Amino acid sequence: MALAGIRVIELAGLAPAPFCGMILSDFGAKVIRVDRTKASMTVDVQSRGKQSVALDLKKPEGAAVLKRLCVESDVLIEPFRNGVMEKLGLGPNEILKDNPRLIYARLTGFGQSGSYAKAAGHDINYVAMSGLLSMLGRHNENPYAPLNLLADFAGGGLICAMGIVLALLERVKSGQGQVIDTSMVEGAAYVGSFLWKSQNLGLWNRSRGENMLDSGAPFYETYKTADGKYMAVGAIEPQFYEELIKGLDLDSSQLPLQMSFSDWPELKRIFTETFASKTQAEWSKIFDGTDACVTPVLSLDEVSSHPHNRERGSFIVDAQGDISPRPAPLLSRTPAMPCLSGGPLIGEHTDLVLAEYGYSKDEIAKLQSSGIIECNKTKSRL
Ligand SMILES: C[C@H](CCC[C@H](C)C(=O)SCCNC(=O)CCNC(=O)[C@H](O)C(C)(C)COP(=O)(O)OP(=O)(O)OC[C@H]1O[C@@H](n2cnc3c(N)ncnc32)[C@H](O)[C@@H]1OP(=O)(O)O)[C@H]1CC[C@H]2[C@@H]3[C@H](O)C[C@@H]4C[C@H](O)CC[C@]4(C)[C@H]3C[C@H](O)[C@]12C
């Protein structure tokens, strides 16, 4: 796998850092998640393939263990607010001193500087600060956050993983590590670059929810079907729009022009009425194999059995029978091979990992008896 041989230490976080760690693990890195001691259960649902070490970083001996792990590792991912790592004596200056080749990846909402750097926040706040949230939502409604996808995952975990891979690549030339400052505000904004760059194309001249791609246009919308499901329509270009009209069995000479903004509400009404006349399966049969850009809106339960996704093996089933997306993208020679057994229990690999990093049995026993580390004796699943 592409990242085989890369050792990653991931300090346990909420959602973005676990995603970043999972990407690296899926593509072959060995990822060790550092959990808190005295934690009953982990909330990391993106932990496949990872190992877990339970370590009390608030104790100097615990911080020393992390430092030692970092000496022999390639990447550290830390998901805390600005200043937390420094307070623990684990800031980049201290850590990189002992291992200048380390990639020290910081993944926060507001970044390492600026007046919000130390503020708490969640995805919705970061998307709001990126400018993107102001553009999301239907006409005459409040801005709407699209789950926690844009900042936590697209602008956060994924962008951080890209930064890590770039830094690893650069290290081949320079032999040097570096600090990565991932701000989810900036990551989300960057993902949305098109919105800034397309201002002059007239795509966003109207108010929120009245533009072509923000639910204003009848040909870029979802419609309810007779069985209470939905179809997604993305028939932008005239030749594809024509196919849409044909599939709906409408007469284009009786309809307003596609790009007549003032007629969009009326056109939407007609499409709504038409889509409501058949089931999702019936519409899929009509539109499959055409260029109308019409697809069923599939639920998470339905995606893996859709013929197209099934043919490509786009979803995987783990040992528990749970379905999830196969890692993307597909690399032709060195594809990701996600671990199909469940994620680790907290502290499941503490003694194993410490031994691998050169700790003697005695040292491990001492750390354990003083509560610096915890070892979960449950049989390893990895
Ligand atoms: C599913 C929910 C998650 C939703 C995601 C949400 C929408 C997001 O947006 S996630 C993105 C959040 N933002 C960031 O990550 C940006 C960077 N980070 C931060 O800004 C902050 O970390 C913070 C704001 C997110 C949290 O601030 P906090 O004050 O808590 O932490 P920090 O200031 O960063 O400091 C960390 C302190 O911890 C110490 N530490 C760290 N590691 C160790 C260690 N190993 N040993 C010792 N000490 C350690 C560190 O030193 C710092 O100490 P100080 O403060 O003294 O400096 C889920 C969200 C909540 C979940 C639910 C909840 O957990 C309750 C239940 C738990 C149960 O187990 C399962 C069910 C729950 C209901 C659970 C369910 C879900 O998982 C959640 C809803």
Side-chain angles (χ1 to χ4, degrees), residues 9-22 32-47 50-70 76-91 94-95 105-130 132-133 144-160 180-188 343-347 349-350 353-354 367 370-376:
I9 308 289
E10 173 200 318
L11 303 187
L14 277 183
F19 182 49
C20 181
M22 187 182 83
I32 298 161
R33 189 184 68 214
V34 174
D35 287 303
R36 293 163 200 239
T37 54
K38 302 186 194 78
S40 53
M41 62 176 276
T42 173
V43 290
D44 183 2
V45 292
Q46 304 170 99
S47 61
K50 297 178 190 173
Q51 295 185 323
S52 164
V53 167
L55 180 58
D56 186 353
L57 295 175
K58 286 259 169 85
K59 304 243 172 68
E61 301 92 320
V65 172
L66 187 78
K67 270 188 174 176
R68 193 157 149 192
L69 297 184
C70 285
L76 172 70
I77 307 170
E78 73 91 356
F80 310 125
R81 302 178 220 215
N82 168 257
V84 168
M85 290 299 275
E86 283 78 0
K87 212 160 67 183
L88 295 167
L90 295 168
E94 286 96 331
I95 298 285
R106 318 196 80 167
L107 176 45
T108 62
F110 298 113
Q112 297 301 319
S113 55
S115 49
Y116 280 18
K118 291 190 192 304
H122 289 105
D123 176 277
I124 192 167
N125 309 114
Y126 312 139
V127 184
M129 287 288 292
S130 75
L132 299 188
L133 192 53
Y144 174 79
L147 313 180
N148 62 329
L149 293 172
L150 266 179
D152 279 359
F153 301 113
L158 193 56
I159 287 279
C160 187
I180 299 174
D181 176 1
T182 312
S183 142
M184 290 189 245
V185 173
E186 292 165 5
L345 300 169
I346 289 185
H349 307 94
T350 307
V353 168
L354 263 55
L367 287 166
S370 53
I372 306 295
I373 60 168
E374 279 173 8
C375 303
N376 191 324

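Hydrogens, waters and symmetry mates play no part in the numbers below; they use all other heavy atoms, side chains included. No experiment lies behind these values; they were computed from the predicted model shown. Along the sequence shown, residues are numbered consecutively beginning with 1. Both counts, for ligands and for their atoms, begin at 1 and track the order of listing.
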Please work out, at 4.0 Å between heavy atoms, whether the side chain, the backbone, both, or neither of [X] comes within that distance of ligand 1.
| X | answer |
| --- | --- |
| Leu14 | side chain |
| Leu55 | backbone |
| Leu88 | side chain |
| Leu57 | both |

Flag [atom] as yes if some protein heavy-atom distance to it falls below 4.0 Å, otherwise no.
| atom | value |
| --- | --- |
| atom 47 (C) of ligand 1 | yes |
| atom 26 (C) of ligand 1 | no |
| atom 62 (C) of ligand 1 | no |
| atom 30 (O) of ligand 1 | no |
| atom 41 (C) of ligand 1 | yes |
| atom 5 (C) of ligand 1 | yes |
| atom 79 (C) of ligand 1 | no |
| atom 72 (C) of ligand 1 | no |

Legend entry - Selected option - heavy-atom contact closest to atom 12 (C) of ligand 1, from Ala39, Gly121, Gly157: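 Among Ala39, Gly121, Gly157, the closest heavy atom to atom 12 (C) of ligand 1 belongs to Gly121.
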Inset, instruction - May I ask which of Gly156, Pro79, Ala12 has a heavy atom nearer to atom 22 (O) of ligand 1 than the others do? - result: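 The residue whose heavy atom sits nearest atom 22 (O) of ligand 1 is Pro79.
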Tell me the protein heavy atom at minimum distance from [atom], and give that distance in Å.
| atom | answer |
| --- | --- |
| atom 36 (C) of ligand 1 | Phe80 CD2, 3.7 Å |
| atom 43 (C) of ligand 1 | Arg36 CG, 3.5 Å |
| atom 13 (N) of ligand 1 | Tyr126 OH, 3.0 Å |
| atom 70 (C) of ligand 1 | Val43 CG1, 3.7 Å |

I'd like to know if the side chain of [X] and the backbone of [Y] have a donor-acceptor N/O pair within less than 3.5 Å.
| X | Y | value |
| --- | --- | --- |
| Asp56 | Ile372 | no |
| Lys50 | Pro18 | yes |
| Thr42 | Ile346 | no |
| Thr37 | Leu55 | no |

So, regarding [X] and ligand 1 (criterion: nitrogen or oxygen to nitrogen or oxygen, under 3.5 Å), is there a contact or not?
| X | answer |
| --- | --- |
| Lys58 | yes |
| Ala119 | no |
| Arg81 | yes |
| Lys87 | yes |

Minimum side-chain heavy-atom gap [X]-[Y] below 4.5 Å:
| X | Y | result |
| --- | --- | --- |
| Lys87 | Phe80 | no |
| Lys38 | Glu374 | yes |
| Ile95 | Lys67 | yes |
| Phe153 | Leu158 | no |
| Met184 | Pro16 | yes |
| Asp123 | Leu147 | no |

Look at ligand 1 and say whether [X] reaches it with a heavy atom at a distance under 4.0 Å.
| X | answer |
| --- | --- |
| Asp35 | yes |
| Gly13 | no |
| Phe110 | no |
| Asp56 | yes |

Quick one: which ligand 1 atoms are inside 4.0 Å of a heavy atom on [X]?
| X | value |
| --- | --- |
| Met184 | 14 (C), 15 (O), 16 (C) |
| Gly109 | 16 (C), 17 (C) |
| Asp152 | 5 (C), 6 (C), 7 (C), 8 (C), 9 (O), 10 (S), 11 (C) |
| Val84 | 33 (O), 35 (O), 50 (C), 51 (O), 52 (C) |
| Ala120 | 24 (C) |
| Met41 | 69 (O) |

Legend entry - Whether over 12 other heavy atoms sit under 6.0 Å from Leu149 CG: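 Counting other residues, nucleotides and ligands, CG of Leu149 exceeds 12 neighbours.
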Inset, instruction - Count the heavy atoms belonging to other residues, nucleotides or ligands that lie under 6.0 Å from OH of Tyr116, then report whether that count exceeds 12. - result: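 12 or below, so no.
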Legend entry - Short N-O contact, Glu78 and Arg106, less than 4.0 angstrom: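 A salt bridge links Glu78 with Arg106.
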Legend entry - Salt bridge Glu86-Lys118, side-chain N to carboxylate O under 4.0 Å: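 Lys118 and Glu86: not salt-bridged.
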Legend entry - Closest contact, heavy atoms only, Gly347 versus Ser52: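 Scanning both residues completely, I find the closest heavy atoms to be N-OG, 2.7 Å.
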Legend entry - Nearest atoms (heavy-atom pairs only) where Arg33 meets Ser47: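 Scanning both residues completely, I find the closest heavy atoms to be NH1-CB, 3.4 Å.
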Inset, instruction - Supply the atom-to-atom distance Glu10 CD to Leu107 CG, rounded to the nearest 0.5 angstrom. - result: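 It comes to 9.5 Å.
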Legend entry - Candidate pair Leu11 and Leu66, rule side-chain contact (heavy atoms from CB on, under 4.5 Å), full reasoning: CA-CA 10 Å; Leu11 303 187; Leu66 187 78; 3.8 Å; yes
